[in-house]
Protein chains: 2
Amino acid sequence: MLLTSACKYGIQATIYLGMQKDDSFVSIKKIAEEFTIPFHFLTKVLQLLTQAGIVESTKGAKGGVRLGKDPDAITLFDIIAVIDGEGIFHDCMLGLPGCGLNTPCPAHEFWAPIRTKYEKSARAISLKDLASDTIRKNLRIGK
Amino acid sequence: MLLTSACKYGIQATIYLGMQKDDSFVSIKKIAEEFTIPFHFLTKVLQLLTQAGIVESTKGAKGGVRLGKDPDAITLFDIIAVIDGEGIFHDCMLGLPGCGLNTPCPAHEFWAPIRTKYEKSARAISLKDLASDTIRKNLRIGK
DNA sequence: TGTAATTAAGACAAAATTGTCCGTTATTTG
DNA sequence: CAAATAACGGACAATTTTGTCTTAATTACA
């Protein structure tokens with residue numbers, strides 16, 4: 001599995017937040033219902049993103065979450081890195097510590113270019129890209 | 001995580017089998033020690049590969065495992081598909097069923113090319129490639 | 001000021017993955 | 001044939017991930 005469920009949920013939620021017209025807060029419950037994500041689980045995922053500054057939150061009535069930065073300044077890489085860690089972008093396919101150009105594993109030549117392409121693409125695509133695409137082409141994010 | 005531990009172990013073991021000079025059986029215990037893999041766990045992984053015909057086994061003294069086909073005829077794709085399934089090569093990044101050209105998710109354009117490159121490369125690289133590289137360049141597979 | 005709404009935080013449960021152990025079956029060798 | 005070896009198969013334990021529940025803290029609003 002490429003991404004954990006937690007990370008998939010986080011990406012869905014942040015794209016949804018990126019699609020909002022104004023900067024008012026959206027309740028986590030709303031997002032959870034929208035995409036059929038377990039509410040309390042999503043809460044924890046969004047807390048991670050909040051701690052990282054990608055998301056902002058307020059408690060109480062009319063509270064909820066919204067993006068903590070310009071959607072243009074948040075990349076897919078950022079979100080994945082916060083929730084799943086940067087491992088997928090850097091680690092050896094076989095899990096060998098120290099695998100690299102100097103002391104590669106047998107799969108290094110195979111995996112390194114793909115990993116690099118993945119990282120570059122993930123760093124190049126922003127939440128704004130994803131959200132505006134979703135609106136423009138009327139894509140579904142979940143369900 | 002891209003590959004499960006089970007799959008990493010399976011790849012290490014099969015590369016090792018591909019490196020053997022003759023077609024005699026290697027005991028699973030030997031392989032487990034070589035790469036510090038939990039013995040009984042490796043046993044189960046190799047059983048999967050045996051059931052799939054990628055590996056052959058015999059019980060008893062002088063028993064063990066060896067490749068079940070020409071190393072040239074076994075690809076990295078085959079091994080991953082047997083142990084982790086083909087999902088990683090085909091599935092939507094966000095896990096949406098039915099995501100594809102017709103009804104893409106917002107990440108489809110991002111992920112599909114990477115996924116395809118991954119699959120093509122994995123289908124193009126054989127155990128013979130991996131094993132001969134390992135021998136020629138004296139690479140480490142584990143530890 | 002009090003009530004409803006909503007995130008935060010922690011404990012706990014369920015499920016999946018990983019790892020361990022033991023008895024059975026099959027094979028070689030003395 | 002007996003003993004040693006080694007894969008097979010099932011049960012079980014540990015760990016991680018995923019999901020649920022409850023209480024506390026904070027905010028808006030009547």
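Proteins get letters first, then strands, A, B, ... in listed order; numbering begins at 1 in each.
For the pair B:Ile11 and B:Leu3, the minimum side-chain heavy-atom distance is below 4.5 Å. Side-chain contact check for A:Thr14 versus A:Ile74: every heavy-atom pair is 4.5 Å or farther apart.
Among residue pairs with one or both ends in residues 60-85 of chain A, those qualifying as ring-ring contact (aromatic ring centres under 6.0 Å, His included) are A:Phe77-A:Phe89; sequence neighbours excluded.
For B:Phe41, the ring pair (Phe, Tyr, Trp, His ring centres under 6.0 Å) partners at least two apart in sequence or on another chain are B:Tyr9.
As rounded to whole Å, 16 Å separates atom C1' of D:dT18 from atom CZ of A:Phe39. Rounded to an integer number of Å, the gap from CD1 of A:Ile37 to P of D:dT18 is 13 Å.
Base engagement by B:Gly60 is indicated by at least one non-hydrogen atom pair under 4.0 Å involving a base atom.
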Nucleotide-resolved protein contact map, nucleotides 8-17 of chain D, B/S/- at heavy-atom distance under 4.0 Å: BSBB------
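Tracing side-chain contacts under 4.5 Å through hydrophobic residues (I, L, V, M, F, W, Y), one never reaches A:Leu48 starting from A:Phe25; they form parts of separate clusters. Follow the hydrophobic side-chain contacts under 4.5 Å out from A:Ile79 and you reach A:Ile125 in the same cluster. A single hydrophobic cluster is not seen to contain both A:Ile114 and A:Met1; linkage of ILVMFWY side chains at heavy-atom distances under 4.5 Å, directly or through other members, places them apart.
Under the 4.0 Å criterion applied to side-chain N and carboxylate O atoms, A:Lys30 and A:Glu34 are not assigned as salt-bridge partners. Between A:Arg123 and A:Glu119 there is a salt bridge, since at least one side-chain N of the basic residue sits less than 4.0 Å from a carboxylate O of the acidic one.
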Only distances under 3.5 Å count here; give the side-chain donor-acceptor pairs of residues 106-113 of chain A to other protein atoms, sequence neighbours excluded, each with its distance to 0.1 Å.
| residue | atom | partner | partner atom | Å |
| --- | --- | --- | --- | --- |
| A:Glu109 | OE2 | B:Lys137 | NZ | 2.7 |
| A:Trp111 | NE1 | A:Asp91 | O | 3.2 |

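Summary of the strand contacts: A:Cys7 and A:Ala61 both lie near DNA chain D, and taking for each the nucleotide with the nearest heavy atom, the more 5' one is attributed to A:Cys7.
Taking every heavy atom of residues 8-17 of chain B and every atom of DNA chain C, pairs under 4.0 Å involve B:Tyr9, by number.
Heavy-atom contacts of chain B under 4.0 Å fall on DNA chain C between two terminal nucleotides, which in 5' to 3' order are C:dT18 to C:dT29.
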